[in-house]
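Step one of this worksheet: look at the structure below.
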Number of protein chains: 2
Amino acid sequence: MVAKPQTPSIRMVAERAGVSVATVSNVLNGKTSVSPDFAERVTRAVRELGYVVDIGASRLRSGKAALVGVVVPDLANSMFASFVSTLEHAARQGGFDIVVVSARNDPAEEADRLSNIRSWRPAGLIVIPCDGALAERLPEGHAIPTVVADRIPDIAGFDLVAVDNGPAAGKIARHLGETGARTGLVVGTSLSISNVRERWEGVLAAGGSCAFEMLEVGFDAPDHLAPLAERLVGAARPDALFALDHTTSLALYRLVGELGLRIPQDIAYASFDEMEWMRLVAPPLTAVRQPVEAMAEEAWTLLSKRMAGDHGASITRRLTCAVEMRGSTGPREASRRSEAA
Amino acid sequence: MVAKPQTPSIRMVAERAGVSVATVSNVLNGKTSVSPDFAERVTRAVRELGYVVDIGASRLRSGKAALVGVVVPDLANSMFASFVSTLEHAARQGGFDIVVVSARNDPAEEADRLSNIRSWRPAGLIVIPCDGALAERLPEGHAIPTVVADRIPDIAGFDLVAVDNGPAAGKIARHLGETGARTGLVVGTSLSISNVRERWEGVLAAGGSCAFEMLEVGFDAPDHLAPLAERLVGAARPDALFALDHTTSLALYRLVGELGLRIPQDIAYASFDEMEWMRLVAPPLTAVRQPVEAMAEEAWTLLSKRMAGDHGASITRRLTCAVEMRGSTGPREASRRSEAA
DNA sequence: ATGAAAGCGCTAACAG
DNA sequence: CTGTTAGCGCTTTCAT
C-alpha cells in the first residue's frame with residue numbers, strides 16, 4: 001500500500017519548515033513580521049508541498065469570505081454571460097471568486113437558488129432577478145450585501161444598477177415615426193419584467209407620429225409567435241416592428257424572414273439589445289446597445305463598497321444606452337449586401 | 001443599540017429547539033433516526049430562524065465537498081457560456097454548486113486560476129484548457145477528479161470529452177470541392193489549440209478536388225485580419241473560405257462583407273461552430289454545429305462517476321457534430337432574402 | 001434516541 | 001519574533 005497522496009495542510013507545512021502553524025499563517029498572510037530565515041523556510045515548504053490555503057477553513061476562523069454569489073436569469077443568454085464574464089474578472093482583481101447560479105427564468109428556481117447560495121456564506125451577492133417579485137424570495141433578515149442589476153425589484157434597500165430603458169426606447173420610437181412609420185408593433189417577453197415595462201413606457205411617452213401597440217410573447221418565443229404571424233400578413237400589418245429584448249428579437253427577425261417581408265421596404269425593424277449578428281445581416285439592424293460590461297463593473301464597484309462596510313443609503317445608477325440607427329429602419333436604401341445579391 | 005442580526009448557527013437552532021446540536025445535525029442530514037417530536041421541534045426552529053447550513057464548515061468536518069470548479073478559456077464566448085450553463089444545471093441536480101473562472105485565453109492566467117481554485121477544495125474540476133500545455137499548469141500530485149473538455153491536453157490520466165473535429169471538418173472540405181471550389185483558404189485562431197489542429201488535419205485528410213491552405217490569425221482576429229484582406233482581393237483569391245472557430249468566423253465574415261465579396265458567387269463560405277446568426281444572414285451559412293450541451297452533460301456524467309470513487313482507466317468520448325450545408329457554399333442559388341432585395 | 005466531546009484547517013489573541 | 005491555545009460551525013464517534 002503506497003502512501004495515499006493527501007492535500008497538504010498548514011500543519012504539514014509547519015512541520016516541514018520546522019516552525020509553528022502560526023508562523024506559517026503569518027508568512028502567508030503577511031500580518032505579523034517574520035524573520036527572513038523563517039519566512040524563507042516556510043516559502044520553500046509551501047512550494048515543495050504545493051500547498052494552497054483552505055479558503056473555507058480560513059473564512060470559518062477569520063470571518064472574511066472571499067466568495068460572492070451571482071444569480072442570473074439565464075446563463076445561456078449571451079447578455080448575461082457577458083455580464084458574468086466581466087464580473088468574474090472584476091471579482092478576481094479584488095481577490096474574490098464567484099459562485100454562479102442560473103434561475104432559468106423560473107421564479108421558483110430563483111427562490112431555491114437564492115436560499116441555497118446562502119449556504120456558502122458569501123461576502124456579497126449580485127442578482128439579476130428573473131422578475132419583479134424579488135422580495136418574497138429573500139429571507140426575512142437578509143443581511144448579505146446585495147446589488148441588484150438590470151431589473152428593478154419590488155424591494156428597496158439594495159443598490160441598483162440598470163440602464164435608461166425608457167429614454168433609449170423613446171429614441172427608437174421617435175426615429176420610427178420620423179422615418180415614416182404610422183403604426184408600430186412592439187414585441188417583448190413580458191411586462192412583468194421591469195426593463196421591458198420601462199421600454200414600453202418609454203415608447204408611449206415618446207410621442208411622435210407613430211401609434212404603437214404592445215404584444216407579450218413570453219420566454220419561449222418561437223412557440224408563441226404564431227398569433228403574431230397573422231398580424232404581420234393581414235391588411236392591418238404595422239409599418240414597423242420593435243423587439244424589446246434579444247430573445248424576442250431573434251425569433252421575431254426569423255419570423256419576418258420566413259414570411260418573406262422585406263426590411264425596411266415592407267416593414268421597418270428595430271431591436272432593444274444589440275448582438276453581433278445585427279450588424280452582419282442585410283440591411284443591418286437599428287438597435288439599442290446596452291452597456292453590459294459597464295453595468296457589471298458598476299455593480300462590482302457598488303458591492304465592493306458595501307462589503308467594505310459602507311452602510312450609507314442605497315444607491316441607484318442608470319447607465320446610458322447607445323442607440324444605433326441603421327438600414328433596417330430606412331431611409332429606403334438597400335444595403336450593400338442586398339444590392340449585390 | 002439594537003441586537004445586530006447574525007447569521008444563525010446550528011447552535012442557535014439547537015438552543016431554540018431545546019435539543020443538542022448533534023440532534024439538529026441528525027435531523028438535517030437524516031443519518032440517525034430522530035423521534036418525530038424532536039424532529040418537528042428542530043424543523044420549526046430552522047424555519048423560524050431561517051437557518052441554512054454552513055456548507056463550508058460542513059465540508060471541513062465531513063470531508064464531503066459540494067463544489068466543483070469550472071475553468072473555461074473565455075466566459076464571454078457564447079459557446080463556453082452555453083457549456084457552463086448546461087453544466088451548472090446538471091451540477092445543481094446533483095447537489096453541487098460551481099465556481100467558475102475564466103482564463104481569458106491567457107495561459108498564465110489559466111495557471112493562476114487553476115492553482116487558486118484548489119483553495120476551495122472542490123470535489124472535482126471540469127476544465128476547457130486554453131491551449132495544449134495543461135500539464136505544466138497542474139500541480140505535481142494533482143489528485144482532484146478532473147474532466148477535460150473540448151480540447152485535448154498534453155497529459156493523460158484524465159477523462160476527456162470532445163467532438164469529432166477531423167471528420168466533421170473533412171465533410172465540409174469535401175463539400176466545398178463538390179460545389180466547385182478548387183482553392184480554399186482555411187482560417188483559424190491557432191494550431192496550438194487541439195481542436196483547431198484536428199479540424200485542419202481533417203481538411204487535409206479529406207482528399208477531394210480542392211487544394212487548401214491554412215492561416216492562423218490569433219485570438220484578437222479583427223486586428224490580425226489585415227494581411228488576410230490582401231489575399232482576398234488579389235488575383236489569387238481562393239474559391240472558398242472555411243473558418244475554423246466562431247471568433248474567427250465572425251471577424252472573417254465581416255471582412256468578406258466589407259470587401260464587397262458576394263457569397264457564394266465570388267467566394268464560398270463555411271464555418272466550424274454554428275451560431276444563431278448564421279441562419280439569419282443571406283445566404284445562410286454552411287456550418288458545423290457542435291453538440292455543446294451534450295458535451296457538458298457528458299462531462300458532468302464522467303465527473304460524477306469519478307467523484308463517486310471510480311478509479312477505472314480514463315475515458316475518452318468523442319461526440320458527433322452535425323454538418324449543415326446551406327446557401328453560402330452554393331449551389332449558386334441566391335437565398336430568398338437576397339432575391340427579394 | 002439523544003447528547004457530550006473531539007477535531008476538520010485555519011487565524012486571532014496572547015504569552016513568552 | 002515565535003509558539004501555544006482557543007474556537008469558527010459543523011459532523012462524527014462514542015457514551016448513555
Side-chain angles (χ1 to χ4, degrees), chain A residues 4 6-43 45-46 49-67 95 116 118-123 143-144, chain B residues 4 6-43 45-46 49-67 95 116 118-123 143-144:
Chain A
K4 69 174 170 185
Q6 206 186 331
T7 313
S9 72
I10 196 172
R11 186 154 14 222
M12 298 180 196
V13 176
E15 275 165 18
R16 183 167 192 117
V19 301
S20 74
V21 293
T23 300
V24 176
S25 178
N26 284 332
V27 170
L28 262 35
N29 299 314
K31 295 275 186 180
T32 314
S33 64
V34 178
S35 76
D37 174 38
F38 272 44
E40 150 66 11
R41 275 152 66 191
V42 168
T43 312
V46 164
L49 256 36
Y51 171 77
V52 288
V53 67
D54 183 325
I55 210 169
S58 170
R59 187 221 71 203
L60 200 56
R61 178 63 234 242
S62 73
K64 274 119 174 59
L67 192 71
N116 186 78
R118 296 173 56 224
S119 277
W120 293 105
R121 302 290 188 268
I144 308 171
Chain B
K4 68 174 171 185
Q6 207 187 330
T7 313
S9 72
I10 195 174
R11 184 153 16 219
M12 297 181 198
V13 175
E15 275 166 18
R16 182 167 193 119
V19 301
S20 73
V21 293
T23 299
V24 176
S25 178
N26 284 332
V27 170
L28 262 34
N29 299 314
K31 296 273 186 182
T32 315
S33 65
V34 178
S35 76
D37 174 38
F38 274 45
E40 149 65 11
R41 274 154 64 190
V42 168
T43 312
V46 165
L49 256 39
Y51 171 77
V52 289
V53 67
D54 183 326
I55 211 169
S58 169
R59 189 221 71 204
L60 198 57
R61 178 64 234 244
S62 73
K64 274 118 174 58
L67 192 70
N116 186 77
R118 296 172 58 225
S119 279
W120 293 105
R121 302 293 188 267
I144 308 170

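Throughout, a chain's letter reflects where its sequence line sits, starting with A, and its residues are numbered from 1.
In this structure, the side chains of Val27(A) and Val19(A) stay at 4.5 Å or more apart for every pair of heavy atoms. Counting heavy atoms from C-beta on, the side chains of Asp54(B) and Leu60(A) come closer than 4.5 Å.
For the pair Lys64(A) NZ and dA12(C) C1', the computed distance is 11 Å after rounding to whole Å. Whole-Å rounding puts the Lys31(A) NZ to dC14(C) P distance at 15 Å. Atom CG in Leu28(B) sits roughly 12 Å away from atom P in dT12(D) (whole-Å rounding). Counting to the nearest Å, the P atom of dG9(D) and the CZ atom of Arg61(A) are 10 Å from each other. Between Asp37(A) atom CG and dT2(D) atom C1' the separation is 12 Å, expressed in whole Å. In this structure, Leu60(B) places its CG atom 10 Å from C1' of dT11(D), rounding to the nearest Å. Following rounding to the nearest Å, Arg121(B) (CZ) and dG9(C) (C1') show an atom-to-atom distance of 8 Å. Between the CD1 atom of Ile55(A) and the C1' atom of dC8(C) there is a distance of 17 Å, given to the nearest Å.
Along DNA chain D, the nucleotide nearest to Val52(B) and the one nearest to Gly18(A) differ in position, and the one closer to the 5' end is contacted by Gly18(A). A residue-by-residue look at Thr32(A) and Ser9(A) shows that Ser9(A) has its nearest nucleotide of DNA chain C further toward the 5' end.
Contact annotation: Ser20(A) does not reach the phosphate of dT4(D) (side-chain N/O to OP1 or OP2, under 4.0 Å). At dT11(C), one or more side-chain N or O atoms of Ser58(A) fall inside 4.0 Å of OP1 or OP2 (strictly under the cut-off). OP1 and OP2 of dC10(C) both lie 4.0 Å or more from every side-chain N or O belonging to Ser25(A). For dC10(C), neither phosphate oxygen OP1 nor OP2 lies less than 4.0 angstrom from any side-chain nitrogen or oxygen of Ser62(A).
Nearest to the side chain of Thr23(A), among dT2(D), dG9(C), dC10(C), sits dT2(D). Listed candidates were dG3(D), dT12(D), dT11(D). Nearest to the side chain of Asn26(B) is dT12(D). Nearest nucleotide to the side chain of Phe38(A), out of dC1(D), dT2(D), dG3(C): dT2(D). Of the candidates dC1(D), dG3(C), dT11(D), dG3(C) carries the atom nearest the Val19(B) side chain, counting heavy atoms from C-beta on.
A donor-acceptor contact shorter than 3.5 Å links the side chain of Thr43(B) to the backbone of Ala39(B).
Taking CD of Glu40(B) as the reference point, atom OG of Ser35(B) lies at 10.5 Å (rounded to 0.5 Å).
Residue Arg11(B) is classed as a sugar-phosphate contact, given heavy-atom separations below 4.0 Å to backbone atoms only.
Residues Ser20(A) and Ala14(A) share a closest heavy-atom pair of C-CB, 3.8 Å.
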